[in-house]
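Everything on this sheet refers to the single structure shown next.
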Amino acid sequence: MLEFIAGLFGSIGYSETLNTKKIDQNIDQLKQHDWFKNIYEDERYHRLFFVSKKVRRYLQSTIRVRKIIRSKEAQKKLLSLLNKQIKS
């Protein structure tokens with residue numbers, strides 16, 4: 001429950017610092033799913049999970065990651081973000 005509340009407040013306030021441990025845990029959670037594993041291992045996207053602040057900030061939210069796991073629409077949104085980051 002505390003994580004949920006912290007996630008809400010974390011998304012309201014803008015913070016420059018990223019919680020690396022939390023992001024890595026969320027990525028590990030996503031890697032348990034084949035569709036994400038394919039994206040994660042793709043050369044085009046793999047580096048973004050380590051160097052893109054936007055991608056890492058996006059994956060910092062445990063609530064968002066849970067939604068990505070459950071929702072095809074949220075998965076498409078993540079892929080769209082990754083594609084935008086490749087182009088920039």
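What you are looking at is a predicted structure, and each value in this text was computed from that prediction instead of being measured.
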If you look only at pairs with a residue in residues 50-71, which of them pass as a ring-ring contact (aromatic ring centres under 6.0 Å, His included), with sequence neighbours excluded?
H46-F50

Once side-chain hydrogen bond (donor to acceptor under 3.5 Å, both in side chains) is applied, do any residues pair with Q60, and if so which ones, sequence neighbours excluded?
none

side-chain hydrogen bond (donor to acceptor under 3.5 Å, both in side chains) partners of D24, counting only residues at least two apart
R56

Hey, does N19 have a side-chain heavy atom less than 4.5 Å from the side chain of K21?
yes

Which pair of non-hydrogen atoms, one from Q85 and one from V55, has the smallest distance, and what is that distance?
CG-CG2, 3.8 Å

So, does N26 use its side chain to make a donor-acceptor pair with the main chain of L59 at under 3.5 Å?
yes

Return a table of donor-acceptor pairs under 3.5 angstrom between the side chains of residues 31-40 and protein atoms on other chains or two or more places apart.
| residue | atom | partner | partner atom | Å |
| --- | --- | --- | --- | --- |
| N38 | ND2 | D34 | O | 3.4 |

How long is the span from the [atom1] atom in [X] to the [atom2] atom in [Y], to the nearest 0.5 Å?
X   : Y   : atom1 : atom2 : result
L48 : L81 : CG    : CG    : 8.5 Å
S61 : K22 : OG    : NZ    : 6.5 Å
I23 : L18 : CD1   : CG    : 4.5 Å
Q29 : R66 : CD    : CZ    : 6.5 Å
R44 : N83 : CZ    : CG    : 7.0 Å

side-chain hydrogen bond (donor to acceptor under 3.5 Å, both in side chains) pairs touching residues 68-81, sequence neighbours excluded, are none

